[in-house]
Student: 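Here it is: the structure, laid out below.
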Amino acid sequence: LGENNMEQVKQFKKYAYLALMFAPLVVALVVVWFLPETIVSNFDFSGNVTGTANRFTILIYPVIVAIIGFIIRIASTSPKLTGGNMKTARSISWLVLLLLNVVAYFQFWLYLNGVTVGTQIGRFVTFILGIFFILIGNLFPKIKDNTKYFGFRASWLKNNDVAFRKTQRFFGFASIIAGVLMILTAIFMVNNIAILVATMILVVVVAVTGGYSYYIANVEEA
């Protein structure tokens with residue numbers, strides 16, 4: 001690409017990111033006028049109402065999305081935090097913001113369609129987590145620089161670059177498997193079981209990756 005085209009691409013990405021930061025808030029400002037004065041704020045996995053709030057509380061999450069988007073953007077462009085992983089960090093920031101947007105729009109859908117839709121929120125969260133882990137799994141193997149702010153962290157990896165890189169590759173592979181299992185869980189299991197299984201999958205992935213990283217950093221090199 002020419003210099004002008006590269007600049008145009010940069011500008012497009014900049015405005016697209018800003019749009020993702022503030023789009024949920026704009027949509028919320030429209031949705032709020034179609035809601036009753038009091039809306040459901042909490043419900044259990046059976047769809048039973050456990051709390052209500054003023055309709056303008058739906059603006060809280062979009063504001064949080066904008067704040068998180070700003071923070072992760074700053075963090076992902078900091079050489080001190082990312083080292084030589086800035087490109088991967090930017091990809092992760094986009095991914096996180098996209099998922100936050102999906103959650104925001106799902107919440108708006110819940111508000112507009114009634115609390116009974118909430119009976120499937122556990123499966124929805126599990127499905128979103130599955131997609132997140134598949135995408136993260138493709139990004140983590142690209143992490144090269146061993147910084148204290150980035151990647152799968154463990155104290156025994158601090159001064160071991162070889163073990164650090166192997167751990168990121170392993171965690172990436174494990175995350176993809178976990179993501180697929182979470183998606184299958186969301187599709188085939190009932191709501192209250194799905195989120196429990198997803199939590200167990202996450203714990204196993206972290207534990208197995210931690211054990212693997214300890215082995216290659218201490219036992220394998222001994």
Side-chain angles (χ1 to χ4, degrees), residues 20 45 65 68-69 72 75-76 81-107 118-222:
L20 286 175
F45 284 112
V65 170
I68 292 176
I72 60 178
S76 67
L81 297 179
T82 62
N85 304 307
M86 189 174 294
K87 185 176 181 180
T88 303
R90 287 179 177 176
S91 297
I92 293 175
S93 69
W94 276 90
L95 171 60
V96 171
L97 193 55
L98 281 168
L99 289 175
L100 290 175
N101 270 253
V102 171
V103 172
Y105 299 132
F106 179 71
Q107 287 186 336
T119 59
Q120 300 305 313
I121 194 169
R123 295 176 69 185
F124 172 78
V125 171
T126 301
F127 186 82
I128 290 298
L129 283 174
I131 295 175
F132 178 77
F133 274 94
I134 290 174
L135 295 175
I136 283 292
N138 283 280
L139 291 174
F140 264 70
K142 299 177 183 179
I143 298 174
K144 304 299 181 183
D145 283 10
N146 188 353
T147 71
K148 65 179 180 179
Y149 301 105
F150 212 68
F152 186 95
R153 308 304 311 162
S155 59
W156 50 84
L157 297 175
K158 184 176 180 181
N159 298 311
N160 192 327
D161 292 342
V162 174
F164 175 82
R165 293 189 184 97
K166 287 183 178 180
T167 298
Q168 307 317 309
R169 289 195 293 269
F170 182 89
F171 184 66
F173 178 72
S175 294
I176 292 174
I177 295 177
V180 172
L181 291 176
M182 287 180 184
I183 290 174
L184 292 175
T185 297
I187 294 173
F188 294 109
M189 291 192 176
V190 296
N191 186 67
N192 56 341
I193 298 298
I195 195 69
L196 176 62
V197 173
T199 302
M200 293 173 61
I201 292 172
L202 177 58
V203 170
V204 169
V205 168
V206 173
V208 171
T209 303
Y212 170 80
S213 68
Y214 183 84
Y215 175 79
I216 61 174
N218 296 279
V219 179
E220 190 178 81
E221 296 183 359

Student: Would you compute the distance between atom NZ of K87 and atom CD1 of I143 and round it to the nearest 0.5 angstrom?
Tutor: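 If I round to the nearest 0.5 Å, the distance is 14.0 Å.
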Student: For F171, enumerate each residue passing the ring pair (Phe, Tyr, Trp, His ring centres under 6.0 Å) test, keeping only those at least two apart in sequence or located in another chain.
Tutor: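 Applying ring pair (Phe, Tyr, Trp, His ring centres under 6.0 Å) to F171 gives F140, F152.
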Student: Mind checking the CD1-CZ spacing from I195 to F124? Nearest 0.5 Å is all I need.
Tutor: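 The distance works out to 11.0 Å.
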Student: Any side-chain heavy-atom pair from L129 and V125 closer than 4.5 angstrom?
Tutor: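 Yes - at least one pair of side-chain heavy atoms lies under 4.5 Å apart.
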Student: Hey, could you give me the OH/NZ distance between Y215 and K166, rounded to the nearest 0.5 Å?
Tutor: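 These two atoms lie 10.0 Å from each other.
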Student: My understanding is that only one of V208, L202, I201 makes a side chain to side chain contact (heavy atoms under 4.5 Å, CB included) with V204; could you say which?
Tutor: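 Exactly one candidate clears the test, V208.
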Student: When the side chains of residues 178-190 are checked against the rest of the protein, which donor-acceptor pairs come out under 3.5 Å, sequence neighbours left out?
Tutor:
{"from": "T185", "atom 1": "OG1", "to": "L181", "atom 2": "O", "distance (Å)": "2.7"}

Student: Could you pull out the closest heavy-atom pair between N191 and G122, with the gap in Å?
Tutor: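 Looking at all heavy atoms of both residues, the closest pair is OD1-N, 2.7 Å.
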Student: If the test is side chain to side chain contact (heavy atoms under 4.5 Å, CB included), which one of L97, V103, V96, L95 qualifies with L99?
Tutor: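 Of the listed options, the one satisfying the test is L95.
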Student: For residues 89-104, pull every pair meeting side chain to side chain donor-acceptor pair (under 3.5 Å), keeping only residues two or more places apart or in separate chains.
Tutor: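 As it turns out, the side chain to side chain donor-acceptor pair (under 3.5 Å) pairs with a partner in residues 89-104, which skip direct neighbours, are N101-Y105.
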Student: Once side-chain hydrogen bond (donor to acceptor under 3.5 Å, both in side chains) is applied, do any residues pair with N138, and if so which ones, sequence neighbours excluded?
Tutor: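 By the side-chain hydrogen bond (donor to acceptor under 3.5 Å, both in side chains) rule, N138 matches no residue at all.
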Student: My understanding is that only residues two or more places apart in sequence, or in another chain, count here; which of them pass ring pair (Phe, Tyr, Trp, His ring centres under 6.0 Å) with F127?
Tutor: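 F127: no ring pair (Phe, Tyr, Trp, His ring centres under 6.0 Å) contacts found.
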Student: Short question: side chain of S213, backbone of G210 - any donor-acceptor pair under 3.5 Å?
Tutor: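 Side chain of S213 to backbone of G210: a pair is present.
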Student: Are there more than 12 heavy atoms of other residues, nucleotides or ligands under 6.0 Å from atom CZ of F173?
Tutor: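 Open: at most 12 neighbouring heavy atoms sit under 6.0 Å from CZ of F173.
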Student: Looking at residues at least two apart in the chain, or sitting in another chain, which of them share a ring pair (Phe, Tyr, Trp, His ring centres under 6.0 Å) with F132?
Tutor: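 Residues passing ring pair (Phe, Tyr, Trp, His ring centres under 6.0 Å) with F132: none at all.
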Student: Nearest 0.5 angstrom please: I216 CD1 to N160 CG, how far?
Tutor: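 Taking CD1 in I216 and CG in N160, the distance rounds to 7.5 Å.
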Student: Would you give the length of the straight line joining atom CD1 of I193 to atom CZ of R123, rounded to the nearest 0.5 angstrom?
Tutor: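 So the CD1 of I193 and the CZ of R123 are separated by 12.0 Å.
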Student: Do the rings of Y214 and W156 sit parallel, tilted or perpendicular, given the 30° and 60° boundaries?
Tutor: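 The rings of Y214 and W156 stand perpendicular, inter-plane angle above 60°.
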Student: If you take all heavy atoms of S175 and G137, which pair is closest and at what distance?
Tutor: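 Heavy-atom minimum between the residues: CB-CA, 3.8 Å.
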Student: OG1/T167 to CG/L157 distance, rounded to the nearest 0.5 angstrom?
Tutor: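 The distance works out to 4.5 Å.
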